[in-house]
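This report refers to the structure that appears directly beneath it.
Quick note on labels: first sequence line is chain A, next is B, and so on, each numbered from 1.
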Amino acid sequence: MEFPATLFPSYFGAGPPREEGGIAPAAGWGEYGQLLDACPGLHAAETTFAPRCGRTGESWEPADVAAVPFLPPNASEGSAGQAGRGWEGTCFLRRASLFCLQTLIPSCSEVLRGSWVPSLMPQDILYRGVLRRKLRSGKSGAALDFTKQLGHFFVDHPEDAFGSLGQLLHKNFYLGNSKLRRKARDTTIRMTSLIEEINRLKARHGCPQQHLTSRVRWFSHLCRDWLFEVPVDLLADCVHDELVLQWASLLFDDSSTGGALAWLPPEDAGTRMGCLVYPGGQAMNHLYFQDVVLGEVPRTRGSPVQFELNGRIRQVAATQMDGEGFVGVRSDYHCGVWRVRSRTGAAPTPLQVIRTNVPASCLTVSPHLPGELAVCTQSGAVYLWSVETGLHQLRRDPETMFFRDHSPWRWSEFTAHPRVLSCADRTGLQCLDMRAPGRCHFDFFKVGEEAGCQQGERVVLPMYLGRAHPSQHLVATQFAVYVMDERLPLVPMLKWAHMMKDPPLFAHVVPGGPGRSHKVLLGAPHTQELLLLQYTGGSKSACQLAGSPQKLHSISGCLQHLPTQLPHRHHLLQQRLGAPAAGLAAVQQAQGPWESLLVFQLSEAGDIFYQTLTHDAAQPRAPSRGDKDAAVPSASPVLEAPLGSAPGSGGEEEEETFYLSNLEVIVNEEEEDVGTPAAPEEAQHPEELRASPHPSPIVPSPAATARYRRWLKALFRDCRHLPQHAGARGPPTISQKRLFTSKDLGPPAGASELHTQARQQLRRTMRERGCIPRWDPGPDPQPSPQPVEPAAWPDALSTRLTAAWAGDWSRWWEERLGLNVAQRQRALRERRRRQKQARGHRSLSASFTSSVTYQSELSELSDGAPSSAPGPPLSPGHPDALPQIFAEAWGGSAPGGSTHCQRPPSPPPAEPLLSSQTLRSRGIPKERRKMLRDYLAVCAEGPAELPPEPPSSQLSSQLCIPSSQSQLSAAGSQPRRKRPRMGF
Amino acid sequence: MDGFVERAAPCPAAQAGGALLPALHLPFLPPHLYRPATSHEHKLNFRKSKEACLSYIQDAMLQKQWKRAAEFLTFYTESLEKDFSTEYMGPSEMIWRIGTEILCHYSHSSMKEFNSFIEQMKTLGVKRYLKVCLEHAFHLLCNGRTDEAYQNLSLAESWRFGEQTTAQDKELKLIQAYRGLLDYYSWSKQKNVLLEYDKDGFEDLSVEQEMHSSFRKAVVNLKEIIQIPGVWDLFVKCYVDLLEFYGDHDEARQVLSDYAYNSKFPANPNAHVYLYQFLKRHGEPKKSLISVLKILHDIVPSHELMVDFHTLLQKSKKRKKRRLGLEVIFAALDYAGWKENVKAWSCLGRQFKQIIIDPLSSLSSMLMNGRVSRPAPSFVAVLGCGVLSWGGKKKYAPRSILTGSSRSGTPGRTGGQPSILADTWQKRIGRKMKALRMKKLWWLESYWEKIASTLNIYHTKAVKIRRKGFGH
C-alpha cells in the first residue's frame, strides 16, 4: 500500500494535553488546518495549494423531509417471524441477581409504554428529581434517593425482605381494628395504629413540622437489625452501589457502544438483496435477520428469522467474507456468533456462545479470517475468539494504558495485519501482535499532546476503517474525531471537532471508490444526532476532509410530520420517537448515474427508521461549495410559514422580519413553534428541538406519509393490546390481605338488608369501573331546616335572597333597578329636607344624638351585613350594559332562569319596598330606613361587580357534591345551558 | 503526567461525591437530564437566547443553509456586547469561525468581503491574532492569491503584542515556515527562468540576485521550524532541495537523518523515504541504503518500499541478507493492503525459483536457523512449497503436505499470478500459493505447525536421499 508522499505539517508534542477543554460549539468550523502542495513535482507557474479541511466534497441530498419507519413498530408479540429456533443448550442466561435494579424501580418494570420498557429517568433515582446547576458545572449536585428504592424493594418483594421472620411473627402481629382481648395482649401487638401513623407521616411528606412519633421511633429501634431477611446495612449498601452505577450510566452509558444494527451486504451487486440484523422485542432480547431488497424504496422480503436470547442485546457486529456473513452479538454476560450463508438462502446458524463473568464491553468480527472475533471485558481482558479454537487471552490489565482513568471500558478492533489487534481504553489505543502479545506492541493513539487533545478528552469509539483504507482507523472522542494511520502512529492524519452534543457511540463507514470520498456516519445515542463526514486520501494523497459535515434526520424529527394526535397519544409518540438511538447502518447503492445512500437507524425502543440520501452526480463538485439555499427551499422564509403560502412573494424585508419573529419565539420557549402539531415536544427535549427551530416547510412524500400512517396504526394497535400498561400508573392498589383478617372481611353475622344492598351496588360499580354516586338506601338525609318565612325578613337583602331562592331574582332585580332613579331622587330630597330641619334647631344635644345615631347605624350595618349577605353584597349594573358574553353567563347562571330573563322587562314605575310608607309598614325603624336607603344608593352608584354567584363555582360544586344540598336545589336542577365559551 | 493523575484519582474525601460524576467529561449535560434552573431564570435569559441562537446557526450550517446561518449570525453578534465569558471559546472566536465558514461556502461572497470580515476579526481578539492571520493566508493561498498571502504573512510575522506573541509562538513559527515556503516557490520559479535563460545563452543578474535573496529568506525561515518536533514533510523537502541546489550535501544529509532518526520526532515513514531517496540520488553504497530501509522495515513493514528493499537484499551475496529479503516480503504480504499487489507476489515467485534451484541448502539453512519460529511463521509456507515442488519433481509427491489447503482446488478469482512460473512444477507452486493466498492460510498457526512437522520429516528424508544419491 502506498503511503502519502507528503503529509500535512503538524506539531508533535509529548505529554498530557495542554489545551484547556471546554464547550466549543463552533470548534469544527472556519479552519483550513494546514496546507499542502496540491500537485507536487510539477513546477508549474503557479503552485496550487490544498487545504486539510474545507475542501469541497460530494453533495448528498436527503430525499425526504424526515426519517421514515422501515419496519412496523417493535412489538412484544406482533412480529410474526419464523418460529424461534430453540437454542437451548447454549442460550444466554438471564442474570439472577437479588439487587437487580430493574426489580427495584417500579417505574421501570411496571410502566410499559406500549411494548417498550422505557429507560430510567433521573427522577426515579434522584432525591426529588432535582438536578442542581452544580452538576452542569462539573461538581456533583445529585443526591440519590436510595431509601425510596429500599422502600420499593420492601413493598414489592416482602417475601425476600422479611420472609422467615414474617412467618414467625405472623401470630404476634394483629392487624385488625378491634381491641385485643386481655389474654391475647400478652403475646400480640396491634399494628393498625402504627400503620396509620406511618401513613400519616407519608401524607405530611415535606412538612417542616414533621417529626416522628415515639411509637414509630420505638418500633424502628426495636426492629432495626433482626427483622430483615438480608441485613439491612448490607442491603442498603448494595442498593446504593447499584444506584450509583445506574446514575453513572444515566450520565454516560457506554454499553451500547458500537451499535446494535448491522447490515450484511449482498453477495454480488446484481441481487440487490442484503440482510439487516437487529434486536427487537420488549426487552430487546430477540435477534432478527431480515432480508431487505434494495431499491429506491427498500423493502423487506419475507419474514425475519428470529432468535430469542436471554439478555438484552447491546451490540451487533457483522462482516461479510467470501459469501459468508459472520454476525457477532454481545449482551452483558454473553457473546454469540452466527453464520449467514446468503448464497444458499439457508437460515442463519448460531455457531458458538461464550459466557463471561464480567460484562463484555466489546465484540468485533475479523474482516480477514472467517470465524474470528475479538472480545473485551470490563475486567480489562482482551481475547481473541476463534470459533475453531476457542478463546485466547491476549492481555489482562485492569489498569488503563497511558494514565489512570477509572473507566473499565475496553475495546478491540482488527487492523490491517490479521494477527495484530488494536486495544483501546479511555486513554488511548495500542496495537498488539497476538503471536507475541507480551512483547510486540506499539502505541497507536494517545490522549495527550501527541494528537492535540483537550483536557478531559477520552476515547469513546475506535473503529477500523478497513473497508475504506486497509490501514486507517477512526478514533472518536467526545470532542473530536481522528483518522489515524497505522503506519504513522500517534499522529492523527485528520482531526475534526465534531461539535456533537452527546458523545458519538456509533459509526459506520461507506467506502468510496477511486477518486471518490469515503463517508463516515457518526451517531449519538441520546440526542439522536447523525452526522455525515466525507474524507479523501490515505494512500496517494494525504487525508483531507471533503466538504462540510452534514446533519442527517433524526428519528424524533419525524414527529412534526405525523398527523396530529390526541395529547396522550402525542406524549406516547414523543417518548417513543425520542428514545435514544441504539445503532446505525448504511448502504450505498448505485444504478447507473443514480446513486443513493440508505441510512438505517435503530432506536432503543427497537424501531428502525431509514432515510435516503441521493447523490447529486450531475454537478459533482461545484454546487456543494455554493450555498444550498437556492437548492433547498427550506431556507426560504416564505415556505417556512406553517401553511406554505404562495412562493416567490418574499422580499428581503420579509425575510428579516420572519427571522426576527422566529428568534423572539425561540427566546420565550413557552411559545415555541406555534402552529406545528409538535408543540409540546419542546419541554421534553429542549436540546433536540432547539436544533430545529423552524417548521419544516416541505411535506413528506405520499409514500412516506403512507408509511407513517401504517406505523402509527400498528403502534396504537399494540398499545391497545396492553391497556394496563399504556397509560400512566393508575392509583395504587393496596392488598388488603395483610390489613384485615378474613374474619373481618367476611359478611358480618347479622347482615342487614342494607348491607347486602350496599355490597351489591359496590360490586356492580366496581365491575363497571364507575363511581358510586350515593347509596340508594343511604342514611336518612338531614332533616331539612324549618321553612323560612319570607315575611319575617323584610329588608332588601333578605327579599333579594328570597327572590333569588324562589327563582325570579332577575325580575326582582329589574324592579329594583327601575326604581333606582326615582328612589335616589327621593332619598336626596329627603336628606336635604332633613338637613334643613337639622339646621333649623341646631343644638348640642341634637348634634350629639345625631352622632350617636350615626354610630349605631354603623355598628348595625357591620353586624348585619355578614349574617344576611354571605356573598358579595350586591352587584348592580344593567345586564344590557355588559358585553354579550357576560350577559349570557349572567342569564345562564341565574338559577332556574326562565324565559323572561332573556329580555329584561320594562322597569316597573316604582319600588314599593323602599318608599317610606312601605318601610314603615314593614316595621323598620326610622333610622334604619335612612341607612338602608343610603346603603342602596351607594351601591347603585358603585362600579359593576361580579354577579353574585360565579357560574363556574356553582357548576363545580354541583358536579362533585351529590349531597343533600343538591336535593334541596333539586328544583333548580333542570338541564343547565352549557356555557358558550370561556365564561369566567 | 501530573495533571492526569490528579484528575483520574480523586482524593478519598471526594470519592463519595466523585462517584456521582459522569464517567466522562462531557461537553454538555446529557439532554435527558437537562432541566433549566428556575431560580436564576432572569439572569440567564440573555445567555439562554445566546445559546439558542448559536444552536440555530449550527443547525443551519450542518444543513448547509448558509444564508440562514448568516442571518442568525447577525443576531449573534450582539452576544459580543456582554462578553464576560470565561469559557473556553468566547463569542468572538465563534463569530470568526462561523463567519469564515459561511463566507467560504456562500457562493455569492467575494474575496473583498472575506478580507474585510477577517480584518475585523483580527481586531476582535489578540489572543488568536496570529491564528486568524494564518487562516487568512491559507484562504488567500487556496484561492491562488499568493502575493496577497505573502504580504499578510509578512505583516503577521512582524506583529508584536507583549506576552501574547510568546503565547502564540506555534502560530508564529508556522507563519514563518509558510512564508519560507512561498519564498522557496518564488526561488524555484526564478530558478526555472534562469535555467531557461541558460539554455538560450542569456544571463540576467537581477533575476539571479532575486533568486539568491529568496533562497536566503527561505532557508532562514524553513530551518527554524524543522528543528521543532513535528511532521514537516513539505518544509523538509523544500529545504533539502534548496541545499542540494547549492551543493550543501552534508547539511542536507544531516537534516534528513535528523528528521528521520531524532527520537523526539514521530516515526514518520516519509522521513526515512526522503533519506533513502537522497542517498540513492547521490549514489551511496548499498549498505547504507539497506540500513535505512531496514529501519523503515522495522517501523512500517507494509511500506511500498519493501519491494525495493527485497530486491536489494536478493541481489546480495550473503545468505543472511537473502533470508532477510524473504522475511521482508512475507511480512509485507501479511498485510491486507497487499492482497492485490502483483509486484510483491511476483517477488515471492522469484524467491521460490531460487529456493527450488538450490533446495537443500536453502532448506537446511532455514531450518537450522529456526526460521519456523513464531514471529515470521509464514516463512514455513515457502519451505512447504519448496519441498512440495522439489518432492514433486522427485516423484515423492507429498500430496498431503498441506492437508489444510489441499482441499481447496478452487481456482482463484483474482489475477496477479506471477507470470514467471511457467514450468509444470512452477505451476503447481503457483496454484498452491494462490490457494494459500486466497485462504490466507499462512496466518493460521495450526497450519504452520502442521507444515513445519511435515517439513521436518521431508527434510530428513531429503537428506537421506541426498546421501544415497538419486539412484532411480
Side-chain angles (χ1 to χ4, degrees), chain A residues 1-3 6-7 9-12 16 20 22-26 29-30 32 35 43 47 49 51 122 131 133 136 140 142 244 247-248 251-252 403-405 407 416-418 435 456 458 470 478 487-488 490-491 501 526-527 551 626-629 635 659 663 666-667 685-687 690-691 693, chain B residues 1 3-4 8-9 17 19-25 27-35 37 49 52 54-56 59 62-68 71 75 87-89 94 97-98 100-101 106-107 138 141-142 185 188 229-234 266 268-269 300 304 334-337 374 443:
Chain A
M1 270 273 112
E2 282 173 271
F3 191 76
T6 11
L7 297 171
S10 68
Y11 281 99
F12 180 79
E20 210 170 292
I23 303 170
W29 287 313
Y32 281 102
L35 291 193
H43 289 286
T47 34
F49 289 92
L131 264 185
R133 274 172 54 76
R136 295 195 78 188
S140 166
V244 168
W247 174 241
L251 286 172
F252 176 65
F403 54 90
R404 258 164 60 189
D405 188 88
S407 170
H417 194 286
R435 293 166 295 190
R458 296 289 182 271
Q478 70 267 47
R487 297 167 291 183
L488 177 51
L490 297 177
V491 180
K501 294 196 171 66
H526 282 295
T527 49
K551 187 178 166 184
D627 65 313
K628 279 182 54 180
D629 292 320
Y659 286 121
L663 195 71
I666 296 142
V667 175
H685 295 286
E687 296 290 328
R690 262 184 200 185
Chain B
M1 294 300 265
F4 287 135
L20 298 181
L21 286 176
L24 204 66
H25 172 73
F28 296 91
L29 193 67
H32 58 292
L33 303 180
Y34 179 75
R35 291 269 162 90
S49 44
L54 187 64
S55 67
Y56 288 169
D59 188 52
L62 285 174
Q63 291 174 28
K64 302 193 179 179
Q65 299 167 355
W66 306 112
K67 197 172 174 189
R68 199 167 144 246
E71 279 170 43
F75 299 120
E87 274 161 13
Y88 165 60
M89 190 180 278
M94 285 196 247
R97 286 180 176 275
I98 293 169
T100 314
E101 187 81 9
Y106 192 46
S107 52
F138 286 166
L141 284 176
C142 286
Y185 285 129
S188 77
V231 179
W232 311 120
D233 290 359
L234 193 58
N268 186 355
V300 187
E304 78 247 30
D334 272 354
Y335 282 88
R374 307 190 97 205
W443 292 326

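- Of the two parts of B/Val300, only the side chain, counted from C-beta on, holds a non-hydrogen atom closer than 4.5 Å to a non-hydrogen atom of chain A.
- Contacts of A/Pro470 with chain B are made by side-chain atoms alone, with heavy-atom separations under 4.5 Å and no backbone atom involved.
- A distance of 6.0 Å or more separates the ring centres of A/Trp247 and A/Phe252.
- To the nearest 0.5 Å, atom CG of residue B/Asp334 and atom NE2 of residue A/His417 are 3.5 Å apart.
- Here B/Tyr185 and A/Phe49 bring their ring centres to under 6.0 angstrom of each other.
- Side-chain contact between B/Asn268 and A/Phe3 is present, with at least one heavy-atom pair separated by less than 4.5 Å.
- Proximity to chain B involves both the backbone and the side chain of A/Leu7, based on heavy atoms less than 4.5 angstrom apart.
- At a 4.5 Å heavy-atom cutoff, the contact between B/Leu54 and chain A is made by side-chain atoms alone.
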